[in-house]
Every structure is written in C-alpha cells, then in structure tokens.
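Have a look at the structure below before the remarks.
Since we're looking at a predicted model, the values are computed, not measured.
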Amino acid sequence: MNSEHLQEQKRVDRVMETITEEINRLEDETEKRRNEVVHIRKHFWDEVKVNTDTFDDFLETIIGLRQEAQALSVSQSTHKHASKRLSTLRRMQAAPYFGRIDFVEEGNSTQEQIYIGISSLIDNSGENFLIYDWRAPVSSVYYDYQPGPAKYLTPGGEIHGIFEKKWQYLIRGGVLESMFDTSLTIGDEILQQVLGKGTDKKMHNIVATIQQEQNRIIRHDHGRLLVVHGAAGSGKTSAALQRIAYLLYKYRDHLNADQIILFSPNSMFSSYVSNVLPELGEENMQQVTFQEYLDHRLSKEFQLENPYEQLEYILTASHTPSYRSRLAGIRFKASTRFFEALTSYRQSLELSGMLFNDITFRGQPIITGKQIAERFYSHDSSLRFHNRLEKLKEWLTKKISEVQKVERSKPWVQDEIELLSNDDYHKAHKFLAKKRGFERESIGDYEMEPEELARLIVHQKLKPIRKRVRAFSFIDFKGLYNQLFTDQLQIEHWMEGETPAEWADICEATLETLNEDQLFYEDATPFLLLKELIQGFQTNSSIKHIVVDEAQDYSPFQFEFLKRLFPAARMTVLGDFNQAIFAHASEEANFNTLTSLYGPDKTEIINIARSYRSTKPIIEFTRRLVPNGEGIIPFERDGERPALKQLVDQEELHSCIASKVADLRSLGLDSIAIICKSAKESLHAYQSLSSIDGIKLLKSNSIQYEQGVVVVPSYLSKGIEFDAVIIYDASSHVYGDESLRRVFYTACTRAMHQLQLYSVGEPSPFLRRVLREGFIQS
C-alpha cells in the first residue's frame, strides 16, 4: 500500500468515526423523540382540561388542545427527520463517499479537496464539510468537467475556478479497496467494475458513475417538459430517478415525494426501481401504471382490455379477418386528430345531442331521460356547459324532493314500517330524537310520530338516487360515446381530414364491445376524456412533477390527456423510439411531436446515444437490427459475441436451452431470461422447459421482478436487464414480419453479458446483416 493510499485510508477511518458518533447520537435522539410521541399520544387528554361551560372556558379548552397538538406535531416531525438521517448515515457506513475533486476557486490560491457521497457530512466543529452531497452545486463539477477551467451555479451566482484533479474511490465497509486518478487514466474504471457485475432484484443508484450526459438530465431545471430520448441501456431511467432525488433535495422546502408520480410500464418494473430513492435517503415517489389509473376510473362500468392484452392480440392474431381494421382503429384512436374530434364533439353537445338516463325508483321512471334533455336544452342556454349541468343537478334534486313528498303516503311505506325489526325501529327512534334535540338521557321521552318515520324511510330509500345524481350518473356517457360510431359519417363533422378506409369496420367492432360493457384499450382514454370534458376534469393540482417512463408506449392522445389531468405539473418523459412496439407507434408518436404539448419554448429534448448496459459485442450486434442504429455508441466493455444456433425442431430447441442455462449458471450468471415473442409462446416455452430447476414464468400481472431463470414475453422485459438472455425462437416463422423488428430489438437489448439466439428453421430476416458482417457467431 503506497503512502497516498495509506493517507486516504486514514481519512476514511476519521470519517467513519464521525459517522459512528453521529449514528450513536441520533439513535439516542430518535429513541427519546419516539418516547415523547408515545407519551403525548397516551396522555393527550390528561393534559387538556375540557370545559365548555362558558365561552372563556371553551376558548381555554381550544387553546389547550391546539398546544398539545402542536407539541405532538413537533415531536413527530423531529423524530421523522432524525430517523431519515439515521437511515442515510447507516448506508454511508458501507461507502461514505465515492469521489473527490481538487478545486481552486477564482481569487483563491488554496486548493480545496471536495469529497462527494450520497449525503453531506460535517465535522464535529460544525464548520467543515467532510463530504458534500452529490446534488450540491459544487458536485456538478465532478460530473460535468475534466481538469481545467470549470464553473458551477449557486443561488448566489456562478463560481469559477480551476478543476485540478478528479479521483474515484471504491470503499466497502470502511475499507478503501482502490482509488483512481481519472484525470490521468483513460476510461472509467469504477463504471467498468459496476457494469461488469451481475444484476440483482433491484435497480440501484448510479451517483458514483453518473456521466456528463446523464448529469445534464438530472440537473435540468427549466421549462415544463424534458424529453429524454436514449438508446436501450443508456441509463435513462436511472438518471430520471436520480433527477427526482435532485429535485427533492433542491426544493426540499417546497416539494415532497407525495407530489411526484412515476408512470411505470408495469407493476414488476415498479418493484424493480423501488430501491433507488431510499438508497439516496429519499422517500419513494408515488408509482402507478397508466392502466391502473384507467382501472380506477372505469373498471366499475366496463371490463377493460389492458395494453398487454391488446399487444398480445397484435402479436398473435395477424391471420384473423378483423386484424387489419383493428390495427387501423388502434392507430386512429391514438392520434391527436381523434383527440380534437372528441373536443369538437363535446362542444357540439351544447346545442344538441346530449343523452340522459331515466331516473327510476322502485322500478318506475320518476324522471325520464327525454324530460331531462328537454330541461337541459330549454333553460339557461346562455350559461357555460358545466354550469348548465350544475343547474340541471339542482333541478333534479328538487324533483326528487317532490317525489319524496308524494311517496310518503303510498302503501309500500306502511309495509316497510310494519316489516321493521325491533333493532331498526329503535335506531330510527334514536336518530329522530337526536334530530329533534333530545339529549341522550331523555331520548326515551320522545314520542315518534308515524309521519316522521315514513318521511325517514322514504328519504333513506331515495338516498342512493340523490348520490347518483351528484355523481352525474344521469348522463348516458356510454350512449354519448356510442353516438360517435352509430352513424359512420357523423364523425366527419368534428374532425379534419379523412377517416381510415376501415372506418365502417372500426365502428362496428367498437359498438359491439361497448354493447357488451367492454372497452378496447384504445377506447379507454378517449371514453374517459369525453366523460371529463362533459362533467368537468378531475384535475390533480397537488402533483408538481410527473415522470413517464417507456414513453414510446404512450400515444399522442394519452399525452394530451395527462397534460390536462395534471395542470400544475412539470413533466419528464423517457423513451426509445427503437423500442416502440405498440400498434399505435408511428412517426406521429415520435418524441419530437411532444414539443406541441407545451410549445418549443417550454420543452427541451436531450438525446443520449451511449449505451452502458451491454458489452460492446452485444451493442454492435443490436444496433444493426434497427434502421437508425448507427447513432448508438457502445461503451468500451469487452465480452463474447452473440451466438445463433439453427435447430431442426422444438425438441432439439428445448434440449439446447436446458444445456445453455446450465452452462450460464456454471459461469456464475444469476439472472437469465428466456425471452419469447408473446405470452402464448412464453407459456408453451415454460411448460416445455419445466425440467430446469427453479424456472419461473413472468406474466403481465406479476408484481415483483424475479431473479434466477425466467421465461418472459418480449413486452414485459422492457426496462429490465439480465445477466444473460436467450431468444427462444429467432426464426423467420416467429419474427418474419417487418412490424416485429422493434419487438426483436427490444428483446435482444435486455442482455448485459451474454446473448444466445436459437432458430427453429430459417433465421429471422432481421439477422441477415449481422450474419453477413460477422457480428454474430453461427
């Protein structure tokens, strides 16, 4: 061990001592605060004298309650902050910092050594920083510059200086294993080591290995929309999660994790990325899939198709008669043209076309849909649409009250009274007595009149109807959406341009599913938009930032919807158009069109071309699978070329896969994915390979990302990486159609270290170039 290494180890030891001292202090403090909280909760009412005899007594009681509540709130908040800091310090015990810059600020002659870790640490004097948080302004120099002139932005303005050296450290358990002067050496040794390791069940933070292009994403801080278009394995998702941590740090007085939503591609992916923010000492933001949101809003009314069911249809039903028209319908309903058509349609409803349901009571209509429509179009036409609906609600509530008066004297009410159990009778008596002002002790003195009981029974029976009126259930939303497709020429009134050539078939299929109370995935967001445009958007202004991952899976229609749903939010959008595998994907869905969401002045697009996930031979292979792949830059990490083996039949295929899995396991590769085109093919592969020990099948409803050997459909593997990938059947029979090129590319780009392809019969035409140019072993 040289003297420099020895000196740095001594510094690590001193820092570890400070961390240990701080942990011991905080353990005492958190225990003390926890006991305080328990004590206050336990004795809350002991400390407050409740007296309401006079106004002064009442006021004193209120003040006492407020003081106790404030004391509880302060203790809870202090305990929460101390616990959070304690958790961060415990993580820092394993690796207190990972980098250092030697910086001379302009106007100073003294060099300052700035050590960078996941959180700041100050020495015992409280004056000197031992470690700077990776999100601190000065830390940006570490990520953005090579030695030479450098600057960083602080709240007080720009700081200029000379960046003299950059060091990287590998510390484990307080032991300095290695250190690199990266201003002298070529390449990123720490990054090489990290990428050379295997995967595990969780994605981890990348603060030690953030590259300049990723740092630009993390610290981007202006405009409404940031679009990150990056190659597979370029670190888009990792950078976005670090970006959330950075925003929570920078705006900690105004922003918390509950005000951020991450739209994940699926629940399994949510589990995969759930570790990143806690590793950095931050709480996890809200995570949801777009389908979960649609289910929350529509599943009580319809049986919803999910995006994977739609994709499974696209991948397996190309031989069916309705395939072409379904494909055309998916693309049209995903477009901004259809969005604008629905908006125009809603505006036309101000003059005519609104449909309403009958309001029925005891099997009979008490107000018909026709009566409601007549009222809507004959009154208050000068009012705004939503105000007219509110007035309509008031009118309906009044009509229900009139019905209530008439119903009291009908025979069914007396029948209900006679059928009341003793328990229900006493509950009604108690309720009406309290309503009349009788105290608990004198309730027995109250004599309940039959008219009052009748009024109560009718009121309770009509309660669900009043609730439905308040929720706009008297509007026939299904009929209104149906109306768009009933007359095939009708939609031309509300849109520019021509409808698809298959429009008649699209209308027929849409009406058929709607009449069965089902919704295609491509109809769910349009249906919800129409509903929101009519009854008023249920916007969420508390959300300040949303992150959309795998953005190429979202349609232009869905982005327009999200913009209106979260009017106060800034948006970070991540994706790779080469992985756009859904049927609505087209040039219209290209990320450049997103500039129209908020306008080019409020939008920035960052393209990142370097891919870090896979070895160089794998990236050289995968980038030749897509038309614009030349722009993808591989990271210099060596490995074996992908391999292709052509087989005679499926029996040989399954024998080869079982043998290959055993070989990969013997190399110490823990995460092995057998990727199939569809769920149908995955199930067949799983059943045929059941002899492989511990093999698992991943489905669209899988909650957790599994390690080990997994069989997975191509579309569920998106966003996840594996030590080794086996493409189950890369034949022209399975991957022969040009529309599947991006599906095939997505599957191949999941591999970090090894990629093996099998083909039962002739290989896919996508492989001709790589075979010709020698980028795959055969």
Any donor-acceptor N or O pair under 3.5 Å, side chains [X], [Y]:
X      : Y      : answer
Asn306 : Gln310 : no
Arg91  : Ser87  : yes
Tyr142 : Asn215 : no
Ser348 : His493 : no
Lys333 : Thr510 : yes
Gln552 : Glu550 : yes
Glu604 : His220 : yes
Tyr715 : Glu312 : yes

Which atom pair, heavy atoms only, marks the closest approach of [X] to [Y]?
X      : Y      : value
Thr749 : Ser614 : O-OG, 4.1 Å
Val141 : Ala150 : CG1-CB, 4.1 Å
Ile543 : Ile260 : CD1-N, 4.5 Å
Ala524 : Leu519 : CA-CD1, 4.0 Å
Leu565 : Phe537 : N-CE2, 4.2 Å
Gly117 : Ile131 : N-CG2, 3.4 Å

With a 3.5 Å distance limit and no angle check, can you tell me whether [X] reaches the backbone of [Y] through a side-chain donor-acceptor pair?
X      : Y      : value
Ser611 : Ala232 : yes
Arg750 : Thr746 : yes
Ser299 : His296 : no
Arg570 : Gly223 : yes
Ser541 : Ala568 : no
Lys677 : Ser714 : no
Gln214 : Ser238 : no
His229 : Leu574 : no
Ser120 : Asp133 : yes
Gln535 : Glu532 : no

Determine the interplanar angle of the [X] and [Y] rings, folded into 0 to 90°, and report it as parallel if under 30°, tilted if 30 to 60°, perpendicular if over 60°.
X      : Y      : value
Phe559 : Tyr554 : tilted
Phe302 : Phe527 : perpendicular
Trp134 : Tyr143 : perpendicular
Phe557 : Phe339 : perpendicular

[X] side, atom [atom1]; [Y] side, atom [atom2] - distance, nearest 0.5 Å:
X      : Y      : atom1 : atom2 : result
Thr343 : Arg564 : OG1   : CZ    : 6.5 Å
Arg337 : Leu342 : CZ    : CG    : 12.5 Å
Leu533 : Tyr345 : CG    : OH    : 11.5 Å
Asp258 : Ser542 : CG    : OG    : 9.0 Å
Leu529 : Thr525 : CG    : OG1   : 9.0 Å
Ile244 : Leu262 : CD1   : CG    : 6.0 Å

* Minimum side-chain heavy-atom gap Met571-His545 below 4.5 Å -> no
* Student check: side-chain heavy atoms of Ile217 and Ile608 closer than 4.5 Å -> yes
* To do: Evaluate the criterion side chain to side chain contact (heavy atoms under 4.5 Å, CB included) for residue pair Leu226 and Val573; output intermediate values, then yes/no.
  => CA-CA 6 Å; Leu226 172 64; Val573 167; over 6 Å; no
* Which ring pair (Phe, Tyr, Trp, His ring centres under 6.0 Å) pairs, counting each pair once, include a residue from residues 233-256, with sequence neighbours left out? -> none
* For Gln303, look at atom CD and say whether over 12 heavy atoms of other residues, nucleotides or ligands are found less than 6.0 Å away. => no
* Give a yes or no on whether Glu158 atom CD has more than 12 heavy-atom contacts from other residues, nucleotides or ligands under 6.0 Å away. => yes
For [Y], is there an ion pair with [X] - N to carboxylate O distance below 4.0 angstrom?
X      : Y      : result
Arg224 : Asp601 : no
Glu721 : Arg613 : yes
Glu738 : Arg741 : yes
Arg297 : Glu301 : no
Lys236 : Asp549 : no
Lys718 : Asp553 : yes
Glu305 : Arg326 : yes

* Is the Tyr612-Phe635 ring centre distance short of 6.0 angstrom? -> yes
* Determine whether the aromatic ring centres of Phe485 and Trp503 lie less than 6.0 Å apart. => yes
* Structure fact -> salt bridge (Lys or Arg N to Asp or Glu O under 4.0 Å) test vs Asp221 passes for just one of Arg135, Arg243, Lys250, namely Lys250
* Derivation of the side chain to side chain contact (heavy atoms under 4.5 Å, CB included) call for Ile475 and Leu389 -> CA-CA 10 Å; Ile475 300 173; Leu389 285 176; 4.1 Å; yes
* With sequence neighbours left out, write down each residue that passes salt bridge (Lys or Arg N to Asp or Glu O under 4.0 Å) with Arg623, or none if nothing qualifies. => Glu620
* Begin with the C-alpha distance, continue with both residues' side-chain angles, and end with the deciding distance and a verdict on salt bridge (Lys or Arg N to Asp or Glu O under 4.0 Å) for Arg219 and Asp144. => CA-CA 11 Å; Arg219 294 175 190 261; Asp144 283 343; 5.7 Å; no
* Check against side chain to side chain contact (heavy atoms under 4.5 Å, CB included), Phe163 and Lys166 -> CA-CA 8 Å; Phe163 174 15; Lys166 175 180 176 179; 3.4 Å; yes
* Asked: Listed by chain and number, what are the side chain to side chain donor-acceptor pair (under 3.5 Å) partners of Asn387, not counting sequence neighbours?
  -> none
* When you look at Phe338 and Phe332, which way does the ring-ring contact (aromatic ring centres under 6.0 Å, His included) test go after all the steps? -> CA-CA 7 Å; Phe338 191 51; Phe332 178 67; 5.3 Å; yes
